[in-house]
Number of protein chains: 2
Amino acid sequence: MKSEERRELVLDAATQVFGESGYQGATTDAVARAAGVSQPYVVRMFGTKEALFLAVVQRALDKLLAAFRVELAAGDDPAECLGRAYVGLLADRGLLLSLMHAFALGTHPEIGALARRGMLEVYRMIREEAGLDADQAGGFLAHGMLINTVIAMRLGEADDPLASELLATVLSPESGRLAGLDETRLSS
Amino acid sequence: MKSEERRELVLDAATQVFGESGYQGATTDAVARAAGVSQPYVVRMFGTKEALFLAVVQRALDKLLAAFRVELAAGDDPAECLGRAYVGLLADRGLLLSLMHAFALGTHPEIGALARRGMLEVYRMIREEAGLDADQAGGFLAHGMLINTVIAMRLGEADDPLASELLATVLSPESGRLAGLDETRLSS
DNA sequence: GCATTTTGTAATCATCCGATTACAACAAAC
DNA sequence: GTTTGTTGTAATCGGATGATTACAAAATGC
């Protein structure tokens, strides 16, 4: 197997592991086992665990922006396009959760800086490229953060009619800001 | 000093430390130093680090619900009351950030369960006691999650006009869902 | 074919950190 | 005044974990 494939394999595994356990909670050994390689290999490939996490976050941001651009290029209503793009990203649960963990570490010198840079790039894109106004953009981001939160906290596992109502509201297409998002996606 | 005071002191310190570093990133030694006591004392007082974190989260949830109830009892427009209550909670940065970290650990057996229980209790309160409909409640929670995120990621430290715009939009009273929240609070 | 680079692992190291133990100071009970 | 319980710490232990080293094996170049 070529080095480049291994690298992608490890980054995929790391995205899942970091998404589930966070930066500090994840271990390089867990990443290695998820990728089917040895722990020293993971470390040597990226130098440090921190560099690996930064690579995971940067890759997640790239995929996020790319997904938005793809939908925007083909679509009509910008808000609807962004919603569809977000749906696609939800398929890879680790991606958005790794980003969420990065956002939560704002005081970390490098992770915090990358998180701020990434968030601003996303905001710039939905403002300037998608053409949303400030209120629409804020609403879109807010809705996205709530989606991330209910996914991260596994609200679907709660056996409570109010949980179902909240999930339906947050994930339903009629909720407005994220058209195209249907509840069937929740099960994945 | 009485035991009860010490306990509150340690919980205050732990809330700050967990809020900044997360559950796994925080150390019992950092909590102890922040509280001005020894590390073994912190551990023995709560048994385990996990139990300490659970106590911090439970206490944060209690304060959150109490703040909502206080404002709701005195106010008129429920949405405006909830917004004012959230402003007060922002003064203690660690409180909302500790909750955010708990929400991000949905797969942890006890932490995840407590996070879901807490989120549902908050949702129940704003739906039944405050009387918001499902869409309003979802919007309120979404806005709150975005506020938590921009605070956690220290977006105020980014030197960028778009960052200022996003912060102003998210934190401005005119943004609708969280009336009463003014930007001057951001500096704290 | 032989040297060299690339790709990978086993074994081990060194540090951090949660937890435990043993003990000191001091007040309260009687 | 001795005992007993409370409040606290110093010292230390043991496991987890990121990182390093040494080495094996396969590809690659000449």
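Note on naming: letters A, B, ... go to the chains in the order of the sequence lines (proteins, then strands), and numbering restarts at 1 for each one.
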Applying salt bridge (charged side-chain N to carboxylate O under 4.0 Å, His left out) to A/Glu50 and not counting sequence neighbours gives none
The complete set of ring-ring contact (aromatic ring centres under 6.0 Å, His included) pairs with one or both residues in residues 34-61 of chain B, sequence neighbours excluded, reads B/Phe18-B/Phe53, B/Tyr23-B/Phe53
Query raised in the report: Quick check: are there more than 12 heavy atoms from other residues, nucleotides or ligands sitting under 6.0 Å from CG of B/Asp159?
Result: no
### A/Gln136 side-chain N/O to A/Asp133 backbone N/O, donor-acceptor pair under 3.5 Å
yes
Quiz prompt | Any donor-acceptor N/O pair, A/Thr15 side chain to A/Gly94 backbone, under 3.5 Å | solution = no
A/Glu8 CD to C/dT7 C1', in whole Å, measures 18 Å
Under a 4.0 Å heavy-atom cutoff, the residues of residues 101-110 of chain B touching DNA chain D are none
Notebook entry, point to check: Quick one: is B/Tyr41 getting a side-chain N or O under 4.0 Å of the D/dG8 phosphate, OP1 or OP2?
Noted result: yes
- request: Taking the side chain as every heavy atom from C-beta outward, state whether B/Met119 and A/Thr149 have any pair of such atoms under 4.5 Å apart.
  value: yes
Residue pairs meeting side chain to side chain donor-acceptor pair (under 3.5 Å), one or both in residues 51-63 of chain B, sequence neighbours left out, come to B/Glu8-B/Arg59, B/Asp12-B/Arg59, B/Gln58-B/Asp62
Check: Taking C-beta and beyond as the side chain, do B/Val43 and B/Thr48 meet within less than 4.5 Å on heavy atoms?
Finding: no
Rounded to whole Å, CZ of A/Arg7 lies from C1' of C/dT6 at a distance of 16 Å
Between CZ of B/Arg33 and P of D/dA10 the distance, given in whole Å, is 14 Å
Rounded to whole Å, the CZ-P distance (A/Phe53 to D/dG18) equals 13 Å
Here the distance between atom P of C/dC17 and atom CG of B/Leu52, to the nearest Å, is 15 Å
Could you list, one pair per line, each protein nitrogen or oxygen that sits under 3.5 Å from a nitrogen or oxygen of nucleotides 25-28 of chain C, together with the distance?
none

Could you write out each protein N or O paired with an N or O of nucleotides 18-21 of chain C at a distance under 3.5 Å?
from   : atom 1 : to      : atom 2 : distance (Å)
C/dG18 : OP1    : B/Ala26 : O      : 3.3
C/dG18 : OP1    : B/Lys49 : NZ     : 3.1
C/dG18 : OP2    : B/Thr28 : N      : 2.8
C/dG18 : OP2    : B/Thr28 : OG1    : 2.7
C/dA19 : OP2    : B/Lys49 : N      : 2.9
C/dA19 : N7     : B/Gln39 : NE2    : 3.0
C/dA19 : N6     : B/Gln39 : OE1    : 2.9

In short, A/Ala158 meets B/Leu120 closest at the heavy-atom pair CB-CD1, 3.9 Å
Tested for side-chain hydrogen bond (donor to acceptor under 3.5 Å, both in side chains) against A/Thr28, the lone hit among A/Lys49, A/Gln39, A/Arg33 is A/Gln39
- Query: Are B/Glu121 and B/Arg117 within salt-bridge range, i.e. N to O under 4.0 Å?
  - Reply: no
